**Student:** 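There's a structure below that I have some questions on.
As the structure is a computational prediction, the values presented were derived from the model and not from experiment. The figures that follow rest on heavy atoms only: side chains count, while hydrogens, waters and symmetry mates do not. Index from 1, following the sequence.
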Amino acid sequence: TKVFFPLPHTLDLRIGKDCSHTLRVAEAKKTPKNYYSPAISRVIDYIYHGKNKTLTLNQLASLVNLTPKYLSALFHKETGQTLTVFIHKVLIEKAQNLLAHSDYSLGEISTYLNFSSQSYFISIFKRYTGITPGQYRKLHARLVGKVKNKIRISMIKRYYRQNFSHLGDKRKLPVFP
């Protein structure tokens with residue numbers, strides 16, 4: 001049996017009387033797989049939802065009763081990426097969340113995510129995101145600040161429109177960017 005993971009897009013492949021059916025089938029072949037075998041689904045679930053402990057190929061293989069070599073090949077075949085790359089991406093995703101929504105230091109985050117050292121964590125983070133964790137935290141804080149400022153300005157504009165629109169041009173209203 002196959003376990004389905006929903007994709008952001010789905011295609012309607014019903015056979016119709018129009019000639020666009022051939023195009024839809026050709027397009028469907030280009031789209032990524034939206035399901036994985038039960039073994040790969042279990043491994044993915046364990047990586048995402050398991051404890052933040054060091055993951056090894058042998059450990060994951062024993063989880064699904066496969067040999068490490070076969071699990072590695074099957075994972076690459078079904079997902080299009082190696083287990084190591086997938087694990088790194090999941091860890092970086094968790095790190096981004098911690099950097100954006102907590103005050104933990106880089107050392108605490110790297111320890112929590114079981115990186116061997118803070119410098120290794122920084123190098124892996126930079127490899128996948130293009131910036132260091134410190135730069136990411138500053139950038140995220142700046143973006144959040146800009147969004148809050150835009151929300152504040154739109155609320156002020158709405159307030160002036162609702163409360164002072166009856167004055168028309170008689171009164172000089174503030175100008176916002």
Side-chain angles (χ1 to χ4, degrees), residues 1-11 28 30-156 177:
T1 63
K2 302 283 184 183
V3 178
F4 289 89
F5 285 101
L7 287 177
H9 60 283
T10 56
L11 293 175
K30 291 182 198 174
T31 61
K33 243 175 128 170
N34 64 344
Y35 61 87
Y36 300 111
S37 66
I40 299 304
S41 296
R42 188 160 182 215
V43 167
I44 289 172
D45 187 57
Y46 186 79
I47 292 168
Y48 269 107
H49 304 293
K51 304 267 188 214
N52 289 320
K53 57 183 178 181
T54 305
L55 298 170
T56 64
L57 180 58
N58 290 334
Q59 184 183 42
L60 294 172
S62 67
L63 177 72
V64 291
N65 298 321
L66 297 174
T67 65
K69 188 174 183 177
Y70 182 69
L71 173 62
S72 183
L74 184 64
F75 192 90
H76 190 270
K77 179 183 174 190
E78 289 191 24
T79 65
Q81 55 192 336
T82 65
L83 258 169
T84 303
V85 168
F86 185 81
I87 291 170
H88 282 162
K89 286 181 178 180
V90 170
L91 290 175
I92 296 308
E93 192 176 300
K94 289 179 180 182
Q96 287 175 321
N97 189 32
L98 288 168
L99 288 164
H101 304 291
S102 77
D103 291 330
Y104 293 121
S105 68
L106 295 182
E108 290 170 326
I109 292 172
S110 66
T111 301
Y112 176 72
L113 295 174
N114 279 323
F115 281 93
S116 57
S117 69
Q118 185 176 336
S119 60
Y120 181 63
F121 165 64
I122 292 169
S123 69
I124 294 296
F125 191 95
K126 189 169 183 176
R127 181 185 308 162
Y128 289 97
T129 63
I131 58 176
T132 66
Q135 290 169 331
Y136 179 84
R137 180 172 268 167
K138 286 178 187 173
L139 180 66
H140 185 270
R142 237 182 288 139
L143 290 174
V144 168
K146 285 182 179 181
V147 168
K148 285 181 180 177
N149 193 32
K150 284 185 178 184
I151 291 171
R152 193 176 305 117
I153 289 171
S154 68
M155 289 172 64
I156 292 169

**Student:** Working to the nearest 0.5 angstrom, can you tell me the gap between I40 CD1 and L83 CG?
**Tutor:**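 Spacing of CD1 (I40) from CG (L83) equals 7.0 Å.
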**Student:** Would you please indicate if the ring centroids of F75 and F86 are separated by under 6.0 Å?
**Tutor:**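 Yes, the ring centres sit under 6.0 Å apart.
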**Student:** Can you name the residues that form a side-chain contact (heavy atoms from CB on, under 4.5 Å) with Y46, not counting sequence neighbours?
**Tutor:** K53, L55, Q59, L60, L63
**Student:** Could you label the plane-to-plane angle of the F121 and F115 rings as parallel, tilted or perpendicular, counting under 30° as parallel and over 60° as perpendicular?
**Tutor:**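 Tilted.
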**Student:** For the residue pair R137 and D103, what are the closest heavy atoms and their distance?
**Tutor:** NH2-C, 4.1 Å
**Student:** Do the side chains of Y48 and E93 get nearer than 4.5 Å, heavy atoms only?
**Tutor:**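 Counting from C-beta outward, E93 and Y48 do come under 4.5 Å.
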**Student:** Apply side chain to side chain contact (heavy atoms under 4.5 Å, CB included) to the pair T132 and L106, showing each step before the final yes or no.
**Tutor:** CA-CA 10 Å; T132 66; L106 295 182; over 6 Å; no
**Student:** Between S123 and Y120, what is the shortest heavy-atom contact and its length?
**Tutor:** OG-O, 2.8 Å
**Student:** Hey, are T84 and T82 close enough side-chain-wise for a donor-acceptor pair under 3.5 Å?
**Tutor:** no
**Student:** When rounded to the nearest 0.5 angstrom, what is the spacing between CD in E108 and CD in Q118?
**Tutor:**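 One gets 10.0 Å once the value is rounded to the nearest 0.5 Å.
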**Student:** If you look at every heavy atom in L113 and K94, which pair is closest and at what distance?
**Tutor:** CD2-CB, 4.0 Å
**Student:** Do you know the tightest heavy-atom contact between V64 and A39?
**Tutor:**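 For V64 and A39, the tightest heavy-atom pair comes out as CG1-O, 3.5 Å.
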**Student:** Between the side chains of Q96 and T129, does any donor sit under 3.5 Å from an acceptor?
**Tutor:**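 No donor-acceptor contact under 3.5 Å links the two side chains.
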**Student:** Examine distances only and state if a side-chain atom of E78 and a backbone atom of S37 form a donor-acceptor pair shorter than 3.5 Å.
**Tutor:**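 Yes; judged by distance alone, with no hydrogens or angles, the pair exists.
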**Student:** In Å and rounded to the nearest 0.5 Å, what is the CG to NE2 distance from N97 to H140?
**Tutor:**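 Here the rounded value is 8.5 Å.
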**Student:** To the nearest 0.5 angstrom, please state how far the NZ atom of K126 sits from the CD1 atom of I124.
**Tutor:**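 Those atoms lie 13.0 Å apart.
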**Student:** What I'd like to find out is whether the side chain of N114 reaches to under 4.5 Å of the side chain of L91, using heavy atoms alone.
**Tutor:** no
**Student:** Find the distance between CD1 (I131) and NZ (K138) and round it off to the nearest 0.5 Å.
**Tutor:** 11.0 Å
**Student:** Quick check against the 3.5 Å criterion: does S72 have a side-chain atom that pairs as donor or acceptor with the backbone of P68?
**Tutor:**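 Pair absent, no side-chain N/O of S72 close to backbone of P68.
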**Student:** Could you state the interatomic distance from CZ (R127) to NE2 (H88), rounded to the nearest 0.5 Å?
**Tutor:**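 If I round to the nearest 0.5 Å, the distance is 6.5 Å.
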